[in-house]
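First comes the structure, then the notes that go with it.
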Amino acid sequence: METKKELTAMDFLTFTLAGNVVVTDPVTGTEFLCLRKQDNAFVHTLTKEVLTADDICRAVMQRMAMAQKIDQEIDAAKEAKAQPAAPEQAPPTWQPRFCIRCGAPLGPTDKFCMRCGTAVQPAS
């Protein structure tokens, strides 16, 4: 059985020599955010939104939680698929019947009770 490494937000961050940050999406494995360092904050290269380190960690943690949920759903599906199917039980060919008037047992083809003579419903 394979052991999964406990991942942290830092596992998805790549720092460049210039101090910029590239964030890999934990769900898709593709580039999630590309941030340029500016003063003591980071600027999103596409939206120009200013983000702090806490903002980056929060975004990565949310995506990690989503990735963990997806992994759990995949594991559950694998376990369900690995479970052997319950054997199908053949329906009984004959259900015991009893007379509604006197309670005597009836055979599968009896049309009348052998004890009291009451007409009985045919077996279904």
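Excluded from the calculations below are hydrogen atoms, water molecules and symmetry mates; all remaining heavy atoms, backbone and side chain alike, are included.
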Could you give the distance from CZ (R115) to CG (L106), rounded to the nearest 0.5 Å?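 Here the rounded value is 10.0 Å.
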
Would you name the heavy atoms of V120 and C113 that are closest together and state the gap between them?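 In this case the closest contact between V120 and C113 is CG1-N, 4.3 Å.
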
Nearest heavy atoms of D110 and R97, plus distance in Å: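 For D110 and R97, the tightest heavy-atom pair comes out as O-NH2, 3.2 Å.
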
Can you sort out the partners of F112 under side chain to side chain contact (heavy atoms under 4.5 Å, CB included), two or more places apart, ordered by chain and number?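 Checked F112 against side chain to side chain contact (heavy atoms under 4.5 Å, CB included); matches are A119.
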
Out of the candidates M66, Q68, Q72, only one should pair with I70 under the side-chain contact (heavy atoms from CB on, under 4.5 Å) rule; please name it.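 In the set M66, Q68, Q72, the residue that makes a side-chain contact (heavy atoms from CB on, under 4.5 Å) with I70 is M66.
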
Residue list, salt bridge (Lys or Arg N to Asp or Glu O under 4.0 Å) with R58, at least two apart or on another chain: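 Residues passing salt bridge (Lys or Arg N to Asp or Glu O under 4.0 Å) with R58: D55.
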
